Amino acid sequence: MKKLLTTAAIVAGLAATPALAQAEAAADTAAPEATTAEAPAVAPAKEAAAEAAAPISDAELDQFAIAATKVNEIAQDATLTAEQKQAAMVEAVNGSGLDATKFNEIATKSQSDEALKDRLAEAFARRPAPAASPEAAEASEEQAGG
């Protein structure tokens, strides 16, 4: 699971890059008058404090488990280019119902918060086992003598 979380954290950082660029571009076009040095510095600090105080729900941990599993599968796919992997990972995170910021927050906090790490392990355990491919099912039956 540690490898999965490490992969997820690295990928989440990559996934956040386009989102940050889009957010910056939107901020540049939406509020051109906000060019003072104080305004941009204060807003991110307040947002970070609010995020740090917000508890992470079990539903978010379940969404993280889904996204992290998909992200890990994508990271291991040797048939995809780095660009294709990044796009697929962003899609996997967004498709889970989490945004890249929340995904990153969970991945980062789980590295140092033992209680969160335990809750996250439970979320991964709640995930259904992946469906076996028809080939794997046949091989399993053959090994069992069926």
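All values reported here derive from a predicted model rather than from experimental measurement.
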Quiz item: How close do Thr69 and Arg127 get, heavy atom to heavy atom, and via which atoms?
Solution: OG1-NE, 3.6 Å
Practice problem: Start with the C-alpha gap between Asp58 and Arg119, add the side-chain angles, then the distance that decides, and say whether salt bridge (charged side-chain N to carboxylate O under 4.0 Å, His left out) holds. | Solution: CA-CA 8 Å; Asp58 287 342; Arg119 289 178 59 214; 2.9 Å; yes
Exercise. Answer yes if Val90 and Ile66 sit in the same cluster of Ile, Leu, Val, Met, Phe, Trp and Tyr residues linked by side chain heavy atoms under 4.5 Å apart, and no otherwise.
Key: no
Quiz item: Considering only heavy atoms from C-beta outward, does the side chain of Glu105 approach that of Ile56 to under 4.5 Å?
Solution: yes
Self-check item: Closest contact, heavy atoms only, Gln63 versus Leu98
Solution: OE1-CD2, 3.4 Å
Quiz prompt | Least distance between heavy atoms, Ala92 atom then Ala67 atom | solution = O-CB, 4.1 Å
Self-check item: N-O pairing of Lys70 and Glu73 below 4.0 Å
Solution: no
Quiz item: How close do Gln111 and Lys117 get, heavy atom to heavy atom, and via which atoms?
Solution: O-NZ, 3.8 Å
Quiz item: Considering all heavy atoms of both residues, which atom of Ala68 and which atom of Phe103 are nearest to each other, and what is their separation?
Solution: N-CE1, 3.9 Å
Quiz prompt | Residues that Ser112 engages under side chain to side chain donor-acceptor pair (under 3.5 Å), provided they are two or more places apart | solution = none
Quiz item: Would the number of heavy atoms belonging to other residues, nucleotides or ligands and lying under 6.0 Å from CD of Glu91 be above 12?
Solution: no
Quiz item: Looking at Leu116 and Leu61, what are the two nearest heavy atoms and their distance?
Solution: CD1-CD2, 3.7 Å
